[in-house]
Structures are given as C-alpha cells and as structure tokens.
Novice: 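To start, I am sharing the structure in question, which I have written as structure tokens.
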Amino acid sequence: MEEKVRVRFAPSPTGPLHIGSARTALFNYLYAKKNGGVFALRFEDTDKERSQKVFEENILAGIKWLRLEADEIYYQSKRENSYQSALKKLTERGLIYESDGGVYFKIPVENKKIIVDDIVRGKVEFDSKDFDDLVLFKKDGTPTFHFANVVDDIEMKITHVIRGEDHLSNTPKHILLYEALDATPPKFAHISLILNPDRSKMSKRSGDVDLDEYIRAGYLPEALINFLVQLGWSDPESREFLTMSEIIQSFDLSRVQKGGAVFDIKHLNHLNHHYLMQKSLDEYMQLAEPFIKQFAGDKALLESAIKLIQDRAQILSDIPELISYFFTQPEYDTPLLIFKKSSPEQTSKGLSVALKVLEKVSPKDWTKEKLQSILDEAISSESLLPGDLFWPIRVALSGQEGSPSPVELLEAFGKEESISRIKIAINKLGV
RNA sequence: GCCGCCAUCGUCUAGUGGUUAGGACGCAAGAUUCUCAUUCUUGUAACCGGGGUUCGACUCCCCGUGGCGGUACCA
C-alpha cells in the first residue's frame with residue numbers, strides 16, 4: 001500500500017521570510033498538492049535567542065500571500081516531550097554521552113558508508129568517518145536543529161523532505177539518527193539555491209531577499225509564483241505563464257534543475273508586467289490602492305489616469321511617478337515642447353491653433369475620438385505637421401517625453417485644465 | 001584543508017548518442033506612431049577545458065578548472 005504523501009516546510013522564525021525559503025515552501029506545497037498529500041508548516045523555533053513571534057507572523061503572512069495554505073502547523077518549542085523520549089530511547093541504547101553540559105550522539109567509528117538517495121541528485125555517498133559526534137541537546141536544554149528535525153519528521157510521518165541544497169551535507173547525519181531511532185528515513189529532494197548575479201548565494205548585498213520587500217514593491221503573487229517555480233523547474237510544455245493549478249498538474253521533482261539559478265529581477269518584472277496588464281480596471285484599481293493614497297481626491301481623474309498608464313507600470317510602486325502630472329502642473333524645460341522635426345515658430349502656431357479649436361469644442365464633444373478628428377482637421381487646414389501640434393500638446397499636458405497620446409490626455413484632463421496647461425505652454429514659448 | 005553538490009546563449013531553461021542546439025527574459029533593428037508603453041516581425045548570443053568510450057558525443061566515463069554548500073551547543 002502506498003502511504004499518503006506528507007511534506008513539510010520548516011522555517012526558523014529568526015528573520016522575515018526569505019525569497020529562497022518561499023521557493024522551498026512552494027516546491028513542498030506543489031509536491032503535496034500534486035500527490036494529494038499534506039503540506040505541513042513547522043516552525044523550528046528551538047533557538048530561543050533569535051526566534052521571534054513577529055517573524056512567525058511574517059512567515060505565516062507571506063505563505064498566505066503566496067496562496068500556499070498549510071494543512072497543519074507545528075511549533076518545535078511545544079514538542080519538548082517528544083525530544084525527551086527520543087533521547088531516552090537513544091540513551092538506553094548507549095548511543096549518547098554528555099560533555100560540557102551538552103548531549104552528544106555517537107557517530108559510528110567504523111568507516112560506515114551512508115547513501116543518500118536523493119530524488120533530484122541520485123545516490124550521494126558519504127563516509128561516517130568524516131563526521132564529528134552530533135550535539136543533540138545544547139547546554140541550555142533545548143534540542144538542536146538536527147535532532148528536533150529528525151524526531152519531528154518521524155513523528156509527523158513526513159514521507160518526503162524537500163529542502164535547500166545547503167542541507168545535503170547534513171542528510172547523512174540525519175540518516176544515522178533515523179537508523180538509531182528505528183525509523184525508515186523519508187525520501188529526500190535537495191533543491192538548488194537561488195543565486196546573486198555574481199553566482200554567490202543570494203544575499204542582502206545585491207538586492208532584496210525578503211518576500212516582504214517584493215510585496216511592498218508591488219509584485220503580484222502569481223508573478224512571484226511563476227518566477228520562483230521556474231527558477232529550477234521547467235514546464236514540459238514550455239508555457240511561460242501558468243496558473244497555480246496548471247503548475248500543480250505539471251509539477252514533477254524529476255524535472256528540477258540541479259544547478260543554482262540566478263535571481264533575474266528583469267525576468268520577474270516581465271512576468272509581473274504581464275499579470276498587471278491582464279487585470280481589469282477594477283481589479284487594477286484595487287491592487288493599486290495602497291500605492292496611490294496621496295492622490296485620493298478626484299476619483300474620476302484618478303481612474304482615468306490609472307487606465308491610461310496600466311500598460312506602463314511593471315510593478316505597482318511605479319504608478320505614483322507615472323500619474324503624478326495628472327494632479328499637478330508638470331515642470332519641464334521649454335525646448336521639450338518642440339518636436340525634433342519642428343521649430344519654435346511651428347510649435348507656437350500649432351499650440352495656438354489647438355487652443356483656438358479646443359476652446360470651441362462643446363463638453364459633449366470632449367471625447368478622444370472627437371478631439372482626434374477636430375485636431376486632425378486643424379492640422380490639414382492650417383498646413384501643419386502632426387508633430388507641430390500633437391507633440392507640444394502632449395508635453396504641455398504631461399511634461400514628459402513619453403506619455404499616453406494627446407487626445408487621451410485631453411479627454412482625461414477635461415477642457416478647463418487642458419486649456420490652462422496649453423496656455424502655460426504658449427507662454428513658456430514666449431512668442 | 002577535508003567532505004559533498006553543480007556546470008547549455010549575459011540570465012532562466014529545452015535537450016537523455018546522430019538536431020540548422022529550441023524557447024523565454026534582456027539587448028538591437030523594423031512595422032505602427034507626435035512620444036513612450038503595448039502589440040507584431042526580425043536579428044543577437046551558448047554546450048567550461050583536456051582526455052577517453054563510440055562509426056558518431058552537449059548528452060556516457062575520468063581528470064582538471066571554476067562556482068556553491070557543509071564542516072556550529074544557527075537552522
């Protein structure tokens with residue numbers, strides 16, 4: 001009979017959820033869901049000095065934000081009895097000794113080969129002579145990671161241990177512990193690490209490493225999920241954007257990459273941009289809300305502004321900069337008003353012509369379609385080039401080299417504000 | 001130092017003895033256009049080195065090199 005798959009994500013709450021840990025959690029979650037198993041979360045909070053409640057909350061929040069719900073939650077700090085009784089068992093077998101207040105596990109002295117049969121790496125061989133005796137209990141009476149980890153995985157009937165490659169060298173010691181406790185070791189899968197651009201282990205030095213920071217910058221969970229899962233795993237159908245359920249369906253540990261993967265923020269941005277563009281205006285407004293509090297006021301204007309810049313923002317925190325000129329008269333240098341193929345005279349003429357025709361437009365005709373045809377007409381009747389008129393209107397309204405089209409801006413700003421900004425531009429040109 | 005893992009375009013990767021080595025990001029060019037963004041098209045660029053095995057190696061083996069991890073009373 002096939003036993004039910006049970007996996008766990010076992011962070012220590014000594015810091016905020018790291019992006020690499022988030023990926024480990026994701027791989028565990030995917031494996032569990034793929035196999036109809038259980039995904040457990042276990043806080044390895046045996047280090048009393050460094051473990052903190054806020055970090056537990058941070059990790060819980062991060063997991064939830066990523067939509068990786070845990071089926072069971074455990075705290076090692078509440079499982080003291082289990083470690084004590086496991087210790088008793090080992091003591092009875094004469095495998096334990098005390099030294100300097102600590103409790104040690106004797107590593108067999110004969111050259112014993114230990115094979116780690118890893119799902120992603122195959123059989124890896126170690127020799128017990130290369131290991132020192134293992135501390136099981138620290139002198140403060142708390143169990144070490146190695147011991148608590150193994151005891152818990154046995155009691156929680158964990159069938160697959162999916163964790164970072166940094167644990168591969170620990171695994172043979174753990175296997176010795178399993179054997180000493182008469183337990184069959186679980187299957188192991190050590191996944192490679194996420195790397196800095198210089199291929200060193202991903203760290204604070206070269207960018208953000210806390211999931212938090214990505215949430216605050218305005219990344220979407222679906223973008224992060226796709227990005228993280230494809231850092232080491234690839235879809236057999238080579239799809240670039242997958243839903244969680246598509247990932248679960250296709251996920252397979254045998255397709256995970258052995259080598260480390262560089263964290264490429266540009267790729268993440270690309271994915272995020274894709275998902276951001278797919279949002280409806282309502283959804284987008286809702287997502288943007290925390291990032292645009294300073295623009296609360298004219299709700300209609302805010303909505304038009306957001307609508308016009310939706311395909312430009314790669315992350316939600318790009319938004320304020322992209323829409324600020326909607327709410328305040330922009331600063332810009334006068335020469336920017338002149339299109340590269342135009343002249344000050346032609347530009348001045350273009351703006352005056354625009355001002356003249358726009359002033360005559362009735363409120364009900366103030367739509368981008370109508371405005372477009374009105375301005376097109378003005379250009380041909382005055383023998384102007386498009387760049388003599390559209391470019392300076394756009395700059396007059398936005399102050400930017402790149403922005404949505406002039407008629408979209410005119411529509412969004414409304415007649416009064418548009419005319420006011422065009423007048424300011426005409427004055428700047430000073431003709 | 002010792003032990004272990006890893007190695008395809010700049011980056012993420014496909015590839016499991018015979019391919020014009022494919023895709024995506026990035027970058028570049030073009031189309032559209034007043035601009036930027038979007039979209040579409042095209043281009044750019046890789047099998048770490050050396051030995052084997054084989055009729056034939058990116059693919060299998062060995063050595064080297066490089067990167068990374070472990071070697072804690074952190075996890």
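The chains referred to below are lettered A, B, ... by the order of the sequence lines, with proteins before strands, and numbering in each begins at 1. What you are looking at is a predicted structure, and each value in this text was computed from that prediction instead of being measured.
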Novice: Between U13(B) and R255(A), is there an OP1 or OP2 to side-chain N/O distance shorter than 4.0 Å?
Specialist: no
Novice: May I ask which nucleotide in the shown strands pairs with U65(B), Watson-Crick or G-U wobble, both distances under 3.5 Å?
Specialist: A7(B)
Novice: Phosphate oxygens OP1/OP2 of A7(B): is one of them under 4.0 Å from a side-chain N or O of R121(A)?
Specialist: no
Novice: Have a look at S99(A) and say if it touches a base, only the backbone sugar-phosphate, or nothing, with a 4.0 Å heavy-atom cut-off.
Specialist: base
Novice: Is there a side-chain polar atom (N or O) of Q310(A) under 4.0 Å from OP1 or OP2 of U38(B)?
Specialist: no
Novice: Could you tell me which residues satisfy side-chain contact (heavy atoms from CB on, under 4.5 Å) with Q257(A), sequence neighbours excluded, listed by chain and number?
Specialist: none
Novice: Using the side-chain hydrogen bond (donor to acceptor under 3.5 Å, both in side chains) criterion, which residues pair with N28(A)? Sequence neighbours excluded.
Specialist: none
Novice: Taking only side-chain nitrogens and oxygens of K138(A), does any of them come within less than 4.0 Å of OP1 or OP2 of C74(B)?
Specialist: yes
Novice: Now, which nucleotide makes the Watson-Crick or G-U wobble pair with A72(B), with each of the two distances under 3.5 Å?
Specialist: none
Novice: For U39(B), what is the paired nucleotide under Watson-Crick or G-U wobble rules, both distances under 3.5 Å?
Specialist: A31(B)
Novice: Under 3.5 Å, is there a donor-acceptor pair linking the side chains of T367(A) and E411(A)?
Specialist: no
Novice: State, without any angle test, whether E80(A) and Q84(A) hold a side-chain donor-acceptor pair at a distance under 3.5 Å.
Specialist: yes
Novice: If you compare every side-chain N and O of T46(A) against the phosphate oxygens of A75(B) (OP1, OP2), does one of them come in below 4.0 Å?
Specialist: yes
Novice: Does any nucleotide pair with U54(B) by Watson-Crick or G-U wobble geometry, both distances under 3.5 Å, and what is it?
Specialist: none
Novice: Provide the Watson-Crick or G-U wobble partner of U44(B), both distances under 3.5 Å; none if there is no partner.
Specialist: G26(B)
Novice: Can you tell me the distance, in whole Å, between the NZ atom of K266(A) and the C1' atom of C27(B)?
Specialist: 8 Å
Novice: Any N or O donor-acceptor pair under 3.5 Å from the base of C34(B) to the side chain of R394(A)?
Specialist: yes
Novice: Indicate, yes or no, whether a donor-acceptor pair under 3.5 Å links the base of G69(B) to the side chain of S169(A).
Specialist: yes
